[in-house]
Amino acid sequence: METRKDKDSHTAVTVIGLGAMGTALARAFLRGGHPTTVWNRTATKVDELVGEGAIGAAAVADAVLASKLLIVCVLDYPAVHSALEPVGDALAGRVIVNLTNGTPQQAREMAEWAATRDAEYVDGAIMAVPPMIGGPDTVLLYSGSRAAFEALEHDLARLGTAEYVGADPGLASLHDLALLSGMYGMFAGALHAFALVGTEQIRATDLLPLLVPWITAMTAELPGIARQIDAGDYTLDTVANLQMQSVGFANIASASADQGVSFDLLAPLKTLVERRVSDGRGADDLSGLIELIRKRQR
Ligand SMILES: NC(=O)c1ccc[n+]([C@@H]2O[C@H](COP(=O)([O-])OP(=O)(O)OC[C@H]3O[C@@H](n4cnc5c(N)ncnc54)[C@H](OP(=O)(O)O)[C@@H]3O)[C@@H](O)[C@H]2O)c1
């Protein structure tokens, strides 16, 4: 099938889903000079982008037929199926780049479904919020067909740095959810910190000059933790043993109770620290907690 190109050979692209993220993706392609067709379940969202130069598709089938490259970014995988199932036959020969958040299993199943429609499939994950799309520090992760990814890498770079993480379609999602886990853990700790100082009328913004450099400095501990995990040796170069840290956790819990702050966000971590210490692993670093959460061996 011919890829439709403009006179500057910009790949034609269709963006399916015009929520906050899909709209940002479509705008990045428009800025890059790509003929950009857009479709959204709620048709009114198409109008604004048409005003910016996009081609509005009234039906999802028209959107699919307009471009070989289909970027899909909707709420979840059931929404992807609901948009694409009715046009399954039109997908043959096209490349679906699915940037919808989901699980590795959903991505693998979607890749199998796309293959039954003779479409190539690349799964993606956006490590950014919409205003960052197309910006210099924006990274998107991709997995699945390497050939399809490499053929599109130049076009996908319109959205941000394109990182290919492997042929298993589930790997972009796995990395995405891992990175989001790191982010939410950090936010959970920060929320607890804001709540604690807030009990003494210290504003959250007033804590920032201390909190941000502290969290930034602590990220320098991550390589050591990663080395301990890879080595399976949780005492490797440790300077902060769990026995000591368990006392600190007990103090945070106790002070939180005194100050009238629930310990819900951090309680699971404290429980695991105590379990590890009572298992005789008090000389280990915090990294040893991974042994308590892994449910299957590597
Ligand atoms: N926003 C972010 O900061 C961000 C960052 C990284 C990744 N993401 C991911 O990007 C994806 C889209 O997020 P968003 O922020 O654009 O969400 P959003 O603003 O809530 O938009 C959701 C989109 O999904 C569509 N949709 C929902 N159910 C549908 C269905 N059954 N059939 C067809 N379309 C359906 C909506 O269509 P209607 O307009 O018709 O409702 C809309 O276009 C999500 O997977 C999200 O995790 C978002």
Side-chain angles (χ1 to χ4, degrees), residues 13-30 36-52 54-64 66 69-88 90-91 96-111 113-114 117 121-144 156-163 165 169-187:
V13 56
T14 286
V15 177
I16 292 173
L18 298 177
M21 187 52 89
T23 298
L25 301 174
R27 286 203 171 112
F29 284 117
L30 284 171
T36 305
T37 300
V38 292
W39 177 84
N40 192 61
R41 178 182 63 174
T42 306
T44 46
K45 289 190 187 164
V46 167
D47 299 340
E48 197 177 337
L49 282 160
V50 168
E52 297 173 28
I55 304 150
V60 67
D62 298 334
V64 167
L69 171 55
L70 309 176
I71 303 285
V72 184
C73 188
V74 288
L75 181 65
D76 54 17
Y77 274 67
V80 179
H81 279 290
S82 128
L84 294 185
E85 291 270 9
V87 293
L91 294 171
I96 302 168
V97 177
N98 183 19
L99 299 179
T100 303
N101 183 274
T103 68
Q105 192 54 28
Q106 285 176 317
R108 289 170 190 137
E109 286 167 7
M110 185 64 71
W113 178 83
R117 299 296 185 278
Y121 185 81
V122 175
D123 202 84
I126 305 168
M127 307 317 303
V129 292
M132 292 167 66
I133 295 301
D137 300 323
T138 300
V139 174
L140 286 88
L141 310 174
Y142 297 95
S143 59
L156 295 175
R158 300 280 183 205
L159 307 176
T161 301
E163 296 270 358
V165 291
L171 285 177
S173 165
L174 187 72
H175 283 78
D176 178 29
L177 299 179
L179 295 184
L180 289 176
S181 302
M183 177 191 79
Y184 281 122
M186 184 267 288
F187 284 152

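Indexing begins at 1, ligand by ligand and atom by atom, following the structure's order. Heads up: numbering here begins at 1 and tracks the sequence.
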Hey, does [X] come in under 3.5 Å of ligand 1, counting only N/O atoms on both sides?
{"X": "C73", "value": "no"}
{"X": "N40", "value": "yes"}
{"X": "G19", "value": "yes"}
{"X": "A83", "value": "no"}

Worksheet item: Judged by atom type as modelled, is there a donor-acceptor pair below 3.5 Å linking the side chain of T14 to the main-chain atoms of A66?
Response: no

Worksheet item: Is a side-chain N or O of S173 found less than 3.5 angstrom from the main chain of G102, in a donor-acceptor match?
Response: yes

Could you name the option among [options] that has the heavy atom nearest to [atom]?
{"atom": "atom 29 (C) of ligand 1", "options": "A79, G124, P131, S82", "answer": "A79"}
{"atom": "atom 47 (O) of ligand 1", "options": "I133, N101, D76", "answer": "N101"}
{"atom": "atom 39 (O) of ligand 1", "options": "K45, M21, R41", "answer": "K45"}

Fill in: Nearest atoms (heavy-atom pairs only) where L18 meets A26
CD2-CB, 4.4 Å

Discussion item. Quick check: closest heavy atoms across A28 and R158, and the distance to 0.1 Å?
Written reply: CB-O, 3.8 Å

Distance from [atom] to nearest protein heavy atom, with residue and atom:
{"atom": "atom 17 (O) of ligand 1", "result": "A20 N, 4.5 Å"}
{"atom": "atom 24 (O) of ligand 1", "result": "L75 N, 3.0 Å"}
{"atom": "atom 38 (P) of ligand 1", "result": "T42 OG1, 3.4 Å"}
{"atom": "atom 2 (C) of ligand 1", "result": "P130 CD, 3.6 Å"}
{"atom": "atom 44 (C) of ligand 1", "result": "V74 O, 3.3 Å"}

Practice prompt. Taking atom 20 (O) of ligand 1 as the reference point, report whether a protein heavy atom occurs under 4.0 Å from it.
Written response: no

Worksheet item: Near E109 CD, under 6.0 Å, is it more than 12 heavy atoms from other residues, nucleotides or ligands?
Response: yes

Worksheet item: What do you reckon, does A128 put a non-hydrogen atom under 4.0 Å from ligand 1?
Response: yes

